[in-house]
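Report on one structure; see the data block that follows.
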Amino acid sequence: NGGFASNANSTVGGTLGVTGVVTANAGVVVDNITIDGQEIDVSSGDLTLDVAGDIILDAAGGEVRFSDGSQQEFVIDMNDAATKTTLRTLVPDSDLVFEGNDGGVGFAALTLDMSNAGRAFFNVGASFSGDVAMGDSNKTKYGAGEDLIVYSDGTNGEIEAPNGDLTLDVAGDIILDADGAEIIFKDGGTQFGEIYK
């Protein structure tokens, strides 16, 4: 029932069982791990968190920051979580890359080029063979006023310029390749001409 106080170093050869709170104002050292104040340090090697359940990061400040040495490089910002969560690179011109694994082969699925205002490159390799796939009737829209719209309804493809002209400006020829029997011209949905093959 009594307390124990010691001002000297103590060594315990067996297991130390403590049923109350352990207070260590100068930190705790376990092998090469030091826990002191608001910091956990590992003097060499990796740190593995191995849990039977989930790993939960609860940051009341709204940000999770990632550093390499003393250089902060990446932030997950949840301060505006009601409307958005922001992924932010902190190193100037450092791209944001989403990588995947296809049958054992790694690839960059999406690269956001931060030296070019976040220009997106989808699965761009030496052959520039990456595609962007859209579902039926899902549209890609260009311009603040949606001045150019491209989509497929599952059978037919359509290009719309609902607010102005559509200009085809090419360095070579303009080729219309229609496997059907005719090319049809319409004005406001009403046919006014056609070309038969």
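Residues: numbered from 1 along the sequence shown. Note that the structure is a prediction, hence the values are computed from the model and not measured.
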Are Leu176 and Ile184 connected in the hydrophobic side-chain network, where two residues link if heavy atoms are under 4.5 Å apart? no

Tell me whether Ile183 is reachable from Phe192 by hopping between hydrophobic residues (I, L, V, M, F, W, Y) whose side-chain heavy atoms are closer than 4.5 Å. yes

Ignoring hydrogens and angles, tell me if any N or O in the side chain of Asn163 forms a donor-acceptor pair with the backbone of Gly145 under 3.5 Å. yes

Under the side chain to side chain contact (heavy atoms under 4.5 Å, CB included) test against Phe74, which residue among Leu87, Val91, Val64 passes? Leu87

Quick one: pull up CD in Glu158 and OH in Tyr151 and give me the separation to the nearest 0.5 Å. 3.5 Å

Under 3.5 Å, is there a donor-acceptor pair between the side chain of Asp68 and the main chain of Gln71? no

When rounded to the nearest 0.5 Å, the distance separating CZ of Phe98 from CZ of Phe122 is 10.0 Å

Between Leu96 and Met114, does the side chain to side chain contact (heavy atoms under 4.5 Å, CB included) criterion hold? Intermediate values first, please. CA-CA 7 Å; Leu96 185 59; Met114 297 308 174; 3.8 Å; yes

Check whether more than 12 heavy atoms from other residues, nucleotides or ligands sit under 6.0 Å from atom CG of Asn138, and answer yes or no. yes

Glu194 to Glu182 - nearest heavy-atom pair and separation: OE1-OE1, 2.7 Å

Would you say the side chain of Ile195 lies within less than 4.5 Å of the side chain of Phe185, judging by non-hydrogen atoms? yes

More than 12 heavy atoms from other groups under 6.0 Å of CG on Leu90: yes

Quick one, Glu73 and Phe66 - any side-chain contact, counting heavy atoms below 4.5 Å? no

When every non-hydrogen atom of Ala120 is compared with those of Leu112, the smallest separation belongs to CB-CD2, 3.8 Å

Between the side chains of Ser115 and Asp113, does any donor sit under 3.5 Å from an acceptor? yes

Distance check, rounded to the nearest 0.5 Å: Gln72 atom CD versus Arg65 atom CZ? 4.5 Å

Got a second to check how far Glu160's CD is from Ile149's CD1, nearest 0.5 Å? 5.0 Å

Checking Leu110 against Asn123 for the side chain to side chain contact (heavy atoms under 4.5 Å, CB included) test, could you report, in this order, the C-alpha distance in whole Å, the side-chain angles of both residues, the deciding distance, and whether it holds? CA-CA 6 Å; Leu110 171 61; Asn123 189 17; over 6 Å; no

Can you find a heavy atom in the side chain of Asp41 that is under 4.5 Å from one in the side chain of Ile33? no

Residue pair Ala59 / Glu63: nearest heavy atoms and the distance that separates them: CB-O, 3.5 Å

So Tyr142 and Thr140, side chain to side chain contact (heavy atoms under 4.5 Å, CB included) or not? Walk me through it. CA-CA 7 Å; Tyr142 304 87; Thr140 55; 3.6 Å; yes

Side-chain donor/acceptor of Asp95 to backbone N/O of Val97, under 3.5 Å: no

Taking atom types as modelled and ignoring hydrogens, do the side chains of Asn32 and Ser44 form a donor-acceptor contact shorter than 3.5 angstrom? yes

Identify, with sequence neighbours excluded, every residue that meets side chain to side chain donor-acceptor pair (under 3.5 Å) alongside Gln38. none

Please report the interatomic distance CD1(Ile76) to CZ(Arg88), rounded to the nearest 0.5 Å. 11.0 Å

Would you be so kind as to tabulate the donor-acceptor pairs closer than 3.5 Å made by side chains of residues 5-30, with sequence neighbours excluded?
from: Ser6; atom 1: OG; to: Ala8; atom 2: N; distance (Å): 3.3
from: Ser6; atom 1: OG; to: Ala8; atom 2: O; distance (Å): 3.2

Is there a donor-acceptor pair closer than 3.5 Å between any side-chain N or O of Asp153 and the backbone N or O of Thr155? yes

To the nearest 0.5 Å, tell me how far Ile159 CD1 sits from Ser152 OG. 11.5 Å

Please set out all donor-acceptor pairs under 3.5 angstrom arising from side-chain atoms of residues 79-86, sequence neighbours excluded.
from: Asn79; atom 1: ND2; to: Asp77; atom 2: OD1; distance (Å): 3.0
from: Thr83; atom 1: OG1; to: Asp80; atom 2: O; distance (Å): 3.3

Provide the closest heavy-atom pair for Thr111 versus Ala108 in the form atom of the first, atom of the second, distance. OG1-CB, 4.0 Å

